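Here the structure is laid out as structure tokens; the discussion comes afterwards.
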There are 2 protein chains.
Amino acid sequence: MRVIRSKPISEQVNTIIRERFRDATYAPGFRLPSESELSKEFGVSRATIRTVFAKLAVEGLILRKQGDGTYVNERIQEVNTHLGGLWDFAHLIERSGFEVSIQPLLIKKVAATEDEAHVLAIDAGIELLSMTRLFSANSQPVILAKNLIPASLLLDQNAEIDGHLRIREILKQYFRQEISFVTTEISSALAGENAHILNIRPRTHLLNLKMIFYSKDNKPLTLGKSYLNDDILKLRLVQAWN
Amino acid sequence: MRVIRSKPISEQVNTIIRERFRDATYAPGFRLPSESELSKEFGVSRATIRTVFAKLAVEGLILRKQGDGTYVNERIQEVNTHLGGLWDFAHLIERSGFEVSIQPLLIKKVAATEDEAHVLAIDAGIELLSMTRLFSANSQPVILAKNLIPASLLLDQNAEIDGHLRIREILKQYFRQEISFVTTEISSALAGENAHILNIRPRTHLLNLKMIFYSKDNKPLTLGKSYLNDDILKLRLVQAWN
DNA sequence: GAGTGGTCTAGACCACGCT
DNA sequence: GCGTGGTCTAGACCACTCA
């Protein structure tokens, strides 16, 4: 693969380096070529290499040591999410080494409750698109997720929504909306009526994720409430220290 | 405050801008001066301003919009951590609007179990420093945390450890160790014998955080097991979408 | 079209770790 | 002392948003 001037150069370099992680050209613990060497290899400036490295470092993929070098993080395999990746359940399941499947359970329009209206900055009673879906890992149900989106934002009110898509795709395709950031509240809960769907005994513990997705113009777009069976799927993440 | 050449300029600028968030010079929703304006104001290059902004954007403090401008995130107040700050319990409690106190319960040396030894990459039976501490929010117990560190790393085997310090300080002061990254596993649990310490009923649900702290040379340094009463303290975090 | 952030370059010097 | 990553500069052009 060579660098082509179309997508940003740093993105292309990023892709190439990630490939080298995958095919073990840069194996775990390996010391990467220095920034200057890589800048020569790719024919780009050192600053470009550094923006790529900055991104990889934030994700915990590489460790940089001043006066020494840059190393491939050996622990990254044990982890299934990172900064900015907590929202994508399908990705989470895949990264945990399972086969994902998304099963739409119920897609319908409902009226917003007081609480939901408050979070979404709309009036109570306004129509919401409610989407309940079950994520499975190796055919074993692990996450029950409900998403609420103001129905008025639908491009086509009569659209048949494909519940197998990832939330990002659904928002893009049926709402033409892009997300700028997400807030997540993580707490624990006891299984109630959701127990049988997740195929667990009532009164066992679950992880509860309450997310709010915000659009580019900083308005709440979607409210998500999810229950995760953490006997099967753990949230494991890396954090860079600084 | 003026920029002085001692600490990195970008850090100084970072500090100044955070001050302006606090004193509402840059209030929530406010549109910041452009990068060029700020670079003039501080007498630094635009690239320097951009490295500052990059950091603030990752933390979710600001939102950048190409062709438009940079805005102060209005939602940041609702949040108490971000994925890079999950390890600092004292900070977490403060950011949630409570008064923190750290109460050391038990500091002693123990022999590593098989499991612990495996995680810390040492042999079973090796002596560990075990530190059990209780974090309170407004005098209400919220987090019970245990940390295990190989005792051989202690600079002074007879040191009296001040259990009121933050883990980062303890590692620095008594072990002369710096952390490069942390992995965290988040799951839910039922309160057992820890219930009375956290002042809750047995069999109620808790958040369970299992952390491993790694040193600069990529070796596991500390194993932390913590229980968090999520009726009082929620984990609320921001994630930038990209 | 004017102004914004996004990308990129080609240099420079500094702080740090090794040997 | 040498090579590494860390910081910084002063430019340039592009992509995008908004009036």
Side-chain angles (χ1 to χ4, degrees), chain A residues 3-17 26 30-58 61-73 176-178 180-181 215-218 240-242, chain B residues 3-17 26 30-58 61-73 176-178 180-181 215-218 240-242:
Chain A
V3 171
I4 316 153
R5 309 261 156 178
S6 56
K7 279 218 273 187
I9 297 176
S10 54
E11 249 179 67
Q12 298 180 49
V13 174
N14 192 306
T15 305
I16 296 173
I17 292 185
Y26 301 152
F30 184 81
R31 183 186 144 135
L32 293 179
S34 73
E35 298 177 350
S36 342
E37 282 180 70
L38 284 173
S39 75
K40 268 178 225 154
E41 179 190 338
F42 293 117
V44 303
S45 78
R46 193 183 146 215
T48 303
I49 298 292
R50 281 186 64 76
T51 68
V52 175
F53 275 18
K55 203 165 182 179
L56 296 172
V58 164
L61 289 167
I62 59 172
L63 300 172
R64 308 161 93 181
K65 297 178 192 170
Q66 190 172 18
D68 182 353
T70 302
Y71 294 82
V72 182
N73 191 345
R176 214 181 307 290
Q177 293 282 351
E178 295 264 333
S180 66
F181 68 99
S215 65
K216 291 282 183 203
D217 52 354
N218 210 356
W241 184 256
N242 273 320
Chain B
V3 170
I4 316 152
R5 310 259 156 180
S6 55
K7 278 217 274 185
I9 296 175
S10 55
E11 250 179 67
Q12 298 179 49
V13 173
N14 192 305
T15 305
I16 295 173
I17 293 186
Y26 301 153
F30 182 80
R31 183 186 144 132
L32 294 179
S34 73
E35 298 178 350
S36 342
E37 282 181 67
L38 284 173
S39 75
K40 268 178 223 152
E41 179 191 339
F42 292 117
V44 302
S45 78
R46 193 183 145 216
T48 303
I49 299 291
R50 280 187 65 76
T51 67
V52 175
F53 274 18
K55 203 165 181 176
L56 296 171
V58 164
L61 290 166
I62 59 172
L63 302 173
R64 308 162 92 183
K65 297 178 193 171
Q66 189 173 16
D68 182 354
T70 302
Y71 294 82
V72 182
N73 190 345
R176 213 182 306 291
Q177 292 282 351
E178 296 263 333
S180 65
F181 67 100
S215 65
K216 291 281 183 202
D217 52 354
N218 209 356
W241 183 257
N242 273 321

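Values below: every heavy atom of this structure, side chains too, minus hydrogens, waters and symmetry copies. All chains are named by letter (A, B, ...) in the order of the sequence lines, taking the proteins before the strands, and each is independently numbered beginning at 1. For clarity, every value in this text was computed on a predicted model and none was experimentally measured.
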[X] has an atom [atom1]; how far is it from atom [atom2] of [N], in whole Å?
{"X": "B:Asp217", "N": "C:dC16", "atom1": "CG", "atom2": "C1'", "value": "16 Å"}
{"X": "B:Lys40", "N": "D:dG11", "atom1": "NZ", "atom2": "P", "value": "13 Å"}
{"X": "B:Gln12", "N": "D:dT7", "atom1": "CD", "atom2": "C1'", "value": "12 Å"}
{"X": "B:Leu63", "N": "C:dG6", "atom1": "CG", "atom2": "C1'", "value": "16 Å"}
{"X": "B:Ile9", "N": "D:dA10", "atom1": "CD1", "atom2": "P", "value": "10 Å"}
{"X": "A:Asn14", "N": "C:dG6", "atom1": "CG", "atom2": "P", "value": "17 Å"}
{"X": "A:Ile49", "N": "D:dT4", "atom1": "CD1", "atom2": "C1'", "value": "15 Å"}
{"X": "B:Lys216", "N": "C:dG17", "atom1": "NZ", "atom2": "P", "value": "9 Å"}

Revision key, fill the gap. Between its two end axes (five pairs each) the helix from C:dG1-D:dC18 to C:dC18-D:dG1 turns, nearest 10 degrees, through 10°
Set of side-chain hydrogen bond (donor to acceptor under 3.5 Å, both in side chains) partners for [X], sequence neighbours left out:
{"X": "A:Thr51", "answer": "none"}
{"X": "A:Gln177", "answer": "none"}
{"X": "B:Asn14", "answer": "B:Arg18"}
{"X": "B:Ser36", "answer": "none"}

Check nucleotides 1-5 of chain C for protein N or O atoms closer than 3.5 Å to its own N or O atoms and list the pairs.
unit_1, atom_1, unit_2, atom_2, d
C:dG3, N2, B:Gly67, O, 3.1
C:dT4, O2, B:Gly67, N, 3.2
C:dG5, OP1, B:Thr70, OG1, 3.1
C:dG5, OP2, B:Glu35, N, 2.9
C:dG5, N2, B:Gln66, NE2, 3.0

Review point. Taking it one step at a time, do A:Tyr71 and A:Ile62 satisfy side-chain contact (heavy atoms from CB on, under 4.5 Å)?
Key: CA-CA 6 Å; A:Tyr71 294 82; A:Ile62 59 172; over 6 Å; no
Exercise for review: Name all residues meeting the salt bridge (Lys or Arg N to Asp or Glu O under 4.0 Å) criterion together with A:Glu41; count only those two or more places apart in sequence or in a different chain, and write none if there are none.
Suggested key: A:Arg20
**Study point:** Partner set under salt bridge (Lys or Arg N to Asp or Glu O under 4.0 Å) for B:Glu37, not counting sequence neighbours
**Key:**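 Partners of B:Glu37 by the salt bridge (Lys or Arg N to Asp or Glu O under 4.0 Å) criterion come out as none, since no residue qualifies.
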Point to revise | Touch class at under 4.0 angstrom, heavy-atom based, for B:Thr51 against every strand present | key: nothing
Revision key, fill the gap. d(A:Ile9 CD1, A:Ser45 OG) to nearest 0.5 Å is 8.0 Å
Exercise for review: List in chain and number order the residues that pass ring-ring contact (aromatic ring centres under 6.0 Å, His included) with A:Phe53, two or more places apart in sequence or in another chain; answer none if no residue qualifies.
Suggested key: none
